[in-house]
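Protein chains get the first letters and strands the later ones, always in sequence-line order, with residue 1 at the start of each.
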There are 2 protein chains.
Amino acid sequence: MALNQVFKALSDPTRRGIIRLLGHGERTAGELSASFDMTKPSMSHHFAVLKEADLVTSRRDGQQIYYSLNTTVLEDVMTRIWDLFGSDNPKGNSIL
Amino acid sequence: MALNQVFKALSDPTRRGIIRLLGHGERTAGELSASFDMTKPSMSHHFAVLKEADLVTSRRDGQQIYYSLNTTVLEDVMTRIWDLFGSDNPKGNSIL
DNA sequence: CGATTATTTAGATTGTTGTCTAATTATCTC
DNA sequence: GAGATAATTAGACAACAATCTAAATAATCG
């Protein structure tokens, strides 16, 4: 997991909004897009960034693509953020 | 605290490196700069970004400027990241 | 005050990101 | 297969970010 990509993905408010919506369960690309004042291609770009960071997964069902939170990544992210701020990390700079 | 700025600040590996070093205690701008293969003005820029995000504080002592982690912000950051991923946030989208 | 050291600010450059419109792919239905 | 719908990909463009060199500010010390 690339911590860099995770932070970049989270640094955009639209993407945090997408994540928040997905916290309530999977949604189609169209449903998510309807919640933001932005074109669908722009939303599609944000989906791609979130997928690249491994924060969401997608599956196609017919014409629609459903997005979900990749919950298995969250614990890892939190641990590494915690480590980042802690002073007792035995690994030194290895996970910068 | 602007979550946007926090994530942007953390999305650069040099800045995460600075934070990690500061986890061991305060350091001068010069000490921090010596740990990275980058000019001092570039490092100074990173310090400014971290300060802007309220992740570090600084104090001058003579010719040197000492940087420290702003530890009071960490708990807040962690809480808000946690909320971001949780499905039971009563505030809806208010803290995007 | 003049020289030296520590650090920041200014300005330029190059690469990256967010957004759009237009075009494309994938699927469904008739 | 043709038309309609859902979503992505391609390409362009403006705004932003990371880095550098050169210049400026701040403090110390003789």
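Contact annotation: B:T39 side-chain N/O to D:dT19 OP1/OP2 distance is not under 4.0 Å. Considering only side-chain N and O atoms, B:H46 lies under 4.0 angstrom from the phosphate OP1 or OP2 of D:dT19. For B:S42, no side-chain nitrogen or oxygen approaches OP1 or OP2 of D:dT19 to under 4.0 Å. Neither OP1 nor OP2 of D:dT8 sits under 4.0 Å from any side-chain N or O of A:R60.
Among D:dT8, C:dT7, C:dT19, the nucleotide with an atom closest to any side-chain atom of B:K40 is C:dT7.
Within the 4.5 Å cutoff, side-chain heavy atoms of A:L3 are placed close to those of B:R16.
Between the A:R60 side chain and the A:G62 main chain, a donor and an acceptor come within less than 3.5 Å of each other.
Among the atoms of the strands shown, none is found under 4.0 Å from any heavy atom of A:M43. Within the 4.0 angstrom heavy-atom criterion, only backbone atoms of the sugar-phosphate kind lie near A:Y67; the bases stay farther away. Here A:S33 lies out of heavy-atom contact (under 4.0 Å) with every strand.
Look at CD on B:Q63: it is 13 Å from P on C:dT4, rounded to the nearest Å. Summarising the geometry, the separation between CD1 on A:I18 and C1' on D:dA7 is reported as 14 Å, rounded to the nearest angstrom.
The residue among A:Q64 and B:D12 whose nearest nucleotide of DNA chain D is located toward the 5' end is A:Q64.
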